[in-house]
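Structure first, then comments.
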Protein chains: 2
Amino acid sequence: MKKLPRISESEWLVMRVLWSKGEATANEVVEELAGRTKWNPRTVKTLITRLSGKGAVKYKKEGRMYRYYPAVGQADCVRMERKSFVRRVYGGTTKPMLAAFIEDADLSPQDISELKKILERKGKE
Amino acid sequence: MKKLPRISESEWLVMRVLWSKGEATANEVVEELAGRTKWNPRTVKTLITRLSGKGAVKYKKEGRMYRYYPAVGQADCVRMERKSFVRRVYGGTTKPMLAAFIEDADLSPQDISELKKILERKGKE
DNA sequence: ACTTCGTGATTACAAATGTAATACTTTGTG
DNA sequence: CACAAAGTATTACATTTGTAATCACGAAGT
């Protein structure tokens, strides 16, 4: 498994767009983010370029413009971020962290039963 | 509730020491961290100073030296970090995040049953 | 062919961060 | 009292991040 680049706070927003769309032009990313942020389009371009430099996204030329797509898996990045988070905040001990997380979370009854099911499954075997 | 300063990755290590000890001199922090990091003592001092500047730690003079202690609550900081994490990585939707978290976690049977108990409690009412 | 416009490329620049080194100050000691 | 030791305060400097502006190039219109 290749090693993942470090993705900054702002860059995560861009990556999430690319992961959700599969691929997109710079402008599509800009539009998609327009609702959520007040970034200047230049800023979005910069972030895309940096991500490309880091190897987090790749692109293929399409006429004069590029079509960008993720070069790293979302699940992997999330896992990395999660581990980093637990280490930073809890020094690596996951359970107290999960406990606090659950306590604090706003969960629907369905959510709760699904999570319980997952725990069941982990419990056996 | 006062607003919390932003604590960087490295600074978290220092804060965790202060939270766990209640208070400490700079050198005590250095010693405590000696096992976990290869930081130069100067670096630790710098981090403490910065945290002090941010208002995350306070100190009282004690003879020629300072005794530092946290000025912000650990629970509050953890909650903030947690929210920031969920927002960054999952765009704010907590449940899928928790699910993946649990899937991926290394949990003892006791952990599992405790977590289930927490879920139970959240479920009723 | 020349100008213009949309794209990517290059450059900018301040704040935060990681990681220290150097300077200054207080105090115990010879 | 002068000086060294031990702390704190100030300064340093390369990277990363946030947030853009400017440059350059090729396509498209006139």
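Every chain is numbered from 1 and lettered A, B, ... according to where its sequence line falls, protein lines coming before strand lines.
Ring orientation note: the planes of A/F101 and B/F85 are nearly perpendicular, at an angle over 60° on the 30°/60° scale.
In this structure the side chain of B/L119 never reaches within 4.5 angstrom of the side chain of B/L115, judged on heavy atoms.
Rounding to whole angstrom units, CG of residue B/L33 and P of C/dG18 are separated by 13 Å. Look at CZ on B/R67: it is 11 Å from P on D/dT8, rounded to the nearest Å. Atom CG in A/N40 sits about 15 Å away from atom P in D/dG18, given to the nearest Å. Atom CD of B/E62 and atom C1' of D/dA6 are 15 Å apart (whole Å). Atom CD in A/E9 sits about 11 Å away from atom P in C/dT17, given to the nearest Å.
At the phosphate of C/dA20, OP1 or OP2 sits under 4.0 Å from a side-chain N or O atom of B/T43. The side chain of B/T49 places no N or O atom within less than 4.0 Å of a non-bridging phosphate oxygen (OP1 or OP2) of D/dA9. In this structure, A/Y59 does not reach the C/dG8 phosphate: none of its side-chain N or O atoms is under 4.0 Å from OP1 or OP2. Look at A/R6 and you'll find a side-chain N or O under 4.0 angstrom from OP1 or OP2 of D/dT17. The side chain of A/K54 places an N or O atom within less than 4.0 Å of a non-bridging phosphate oxygen (OP1 or OP2) of D/dT17.
For B/R50 against D/dT11, no side-chain N or O and base N or O form a donor-acceptor pair under 3.5 Å. Residue B/R42 places no side-chain atom within donor-acceptor reach of the base of C/dG18, judged by atom type and a 3.5 Å distance cut-off alone.
Annotation: the terminal axes of the helix from C/dA1-D/dT30 to C/dG30-D/dC1 meet at 30°, where each axis is the rotation carrying the C1' atoms of four end pairs onto the next four (5 pairs per end, rounded to 10°).
Here D/dT8 is the nucleotide among C/dG18, D/dT8, C/dG8 with the atom lying nearest to any side-chain atom of B/K45. Picking from D/dA27, C/dA9, D/dA20 the nucleotide with the shortest atom distance to the side chain of A/R64 gives D/dA27. Each of D/dA20, C/dT7, D/dG18 was ranked by its minimum atom distance to the side chain of A/T46; first place goes to D/dA20. Comparing atom distances between the A/W39 side chain and each of D/dT19, C/dT27, C/dG8 picks out D/dT19 as nearest.
Using a 4.0 Å heavy-atom cutoff across all strands shown, B/S10 reaches sugar-phosphate atoms only and no base atom.
DNA chain C is contacted by no residue of residues 11-29 of chain B, taking any non-hydrogen atom closer than 4.0 Å.
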